[in-house]
Amino acid sequence: MHSSKDLPKITTHVLQEMKQKGEKIAMLTGYDYSMARLLDKAGIDVILVGDSASNVMAGHRTTLPITIDQMIYHASSVMRAVERALVVVDLPFGSYQGNSIEALNTAIRIMKESGANAVKLEGGEEIVESITRILSAGIPVLGHLGLTPQSINKFGTYVVRATDEEESSKLMNDAKILEEVGCFGIVLEKIPAKLAADVTKSIGIPTIGIGAGKEVDGQVLVIHDMLGINTDFSPRFLRRYNNLQEQMISSFLRYIDDVKSQDFPNEKEQY
Ligand code: KIV
């Protein structure tokens with residue numbers, strides 16, 4: 001197995017080169033120091049400090065409640081662990097939709113207080129003024145189109161997006177706008193594979209898919225889902241690489257048993 005120390009530090013320019021070379025980008029979410037250390041050690045290209053922390057770390061039903069302070073807490077914990085990966089942080093719901101100055105102030109706070117490398121915002125044409133202002137401050141921006149979980153109350157469900165002509169042509173148009181204004185990449189969430197492939201071919205910046213098929217420039221998953229820590233969420237696009245829930249609960253059960261039966265600690269485990 002390689003060590004991440006042998007691999008080049010990831011920047012937005014490296015991601016661009018990866019697209020040109022046809023080398024796929026591997027991205028996972030990360031929210032804390034210990035997990036981020038393991039991700040970086042394994043050589044992950046991008047760590048997304050996603051607002052999915054609202055679900056998997058805090059137990060909320062949606063991504064809406066998480067605050068800027070909480071995102072900064074997660075992002076700065078991740079930054080203390082990372083040597084190689086590019087770290088991207090979600091701007092939380094309500095922190096950028098108001099106006100572009102508010103969006104810029106949020107992005108600056110996140111960059112200054114966490115030390116992260118870039119931010120991600122959900123939406124296309126409707127938030128382009130905010131994206132442009134953030135970019136003009138020298139902050140790299142990753143776009144996010146398709147299923148945008150911060151708009152769950154508008155959509156009403158988490159079903160696959162852009163299946164009709166109107167929505168798919170808006171998505172294609174949004175992707176071109178995001179490239180034109182200077183985003184370094186776009187997350188495409190839960191859209192038809194054919195549309196994701198068409199978008200990927202039509203723009204020069206990398207696309208990172210989640211439930212968007214294989215003909216994109218990279219993939220992202222939520223770490224708790226792919227490790228099988230959280231098993232309540234089983235969309236078709238999710239591949240589970242482990243069943244940590246089972247392994248963790250079995251460890252907790254053994255520990256509880258050992259404590260109750262006074263097997264733990266033994267002679268060697270005391271002073
Ligand atoms: O918050 C998040 O984890 C995300 C990914 C699902 C792309 O935005």
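Ligands are counted one by one from 1 in listed order, and the atoms in each one are counted from 1 as well.
The existence of a salt bridge linking Arg254 and Asp258 is excluded, since no basic side-chain nitrogen approaches an acidic carboxylate oxygen closer than 4.0 Å.
Pairs passing the salt bridge (charged side-chain N to carboxylate O under 4.0 Å, His left out) check and including a residue from residues 165-177, sequence neighbours excluded, read Glu126-Lys170, Arg161-Glu167, Lys170-Asp174. Among residues at least two apart or in separate chains, salt bridge (charged side-chain N to carboxylate O under 4.0 Å, His left out) pairs with a member in residues 210-235 are Lys19-Asp217. Applying the ring-ring contact (aromatic ring centres under 6.0 Å, His included) definition to pairs two or more places apart or across chains, those involving residues 203-254 are Tyr31-His224.
Criterion: ILVMFWY side-chain heavy atoms under 4.5 Å apart, direct or through other members. Under it, Met35 and Met226 are part of a common hydrophobic cluster.
Here the options are Thr63, Thr62, Asp51, Asp90, the test is side chain to side chain donor-acceptor pair (under 3.5 Å), and the partner is Gln150; only Asp51 passes.
Protein residues with any heavy atom under 4.0 Å from ligand 1: Thr29, Leu48, Gly50, Asp51, Ser52, Asp90, Lys120, His144, Val187, Glu189, Ile210, Val222.
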